Structures are given as C-alpha cells and as structure tokens.
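This one's a predicted model, so the numbers in the text were calculated from it and none came from an experiment. Starting from 1, each residue takes its place in the sequence as its number.
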Amino acid sequence: MKIKAVIHDAEEGGYWAEVPSVPGCVTQGDTFEELLTNLYEAVEGCLSVEVNPASVEDNARVLEIAV
C-alpha cells in the first residue's frame with residue numbers, strides 16, 4: 001500500500017507531516033530521519049485502530065461525498 005504524506009517545515013525547527021488520506025494522522029520530528037520513523041509509526045497506529053462499522057437499516061442509503 002502506498003500512502004502520500006505532506007511534509008512541512010516546522011516554525012520552531014524540524015518537520016511535521018500529515019497524511020491527507022488518513023484524517024487526524026499527523027506527526028513531527030526534529031530531523032528528517034526522525035520524522036520518517038515517526039511517520040511510519042503514526043500511519044501504522046492510525047490504521048490499526050478498530051472501528052466498528054455503522055449500523056445501517058435495510059432501507060437506508062450510504063453516500064460518500066468529498067467536501
């Protein structure tokens with residue numbers, strides 16, 4: 001699986017990153033190498049969270065939208 005991350009320079013020094021396809025998945029690091037290590041951990045942690053599927057009634061519709 002390939003996931004894109006957006007890397008930013010942090011105002012206080014170092015870097016921070018966000019993963020747009022995984023809402024809430026962000027991390028930081030003082031060096032680029034530390035950021036990469038933390039990024040792998042953050043993505044793994046965000047994707048390993050068990051989410052219970054929503055219960056949907058038989059006559060309900062499920063719609064996915066982008067905003």
For V26, the other hydrophobic cluster members (4.5 Å side-chain criterion, sorted by chain and number) are none

Apart from V22 itself, what residues make up its hydrophobic cluster when side-chain heavy atoms of I, L, V, M, F, W and Y under 4.5 Å apart count as a link, directly or indirectly?
M1, I3, I7, Y15, V19, F32, L35, L36, L39, V43, L47

Looking at side-chain heavy atoms only, is the closest gap between V6 and H8 below 4.5 Å?
yes

I need the full list of side chain to side chain donor-acceptor pair (under 3.5 Å) pairs touching residues 19-34, with sequence neighbours left out, sorted by first then second residue.
none

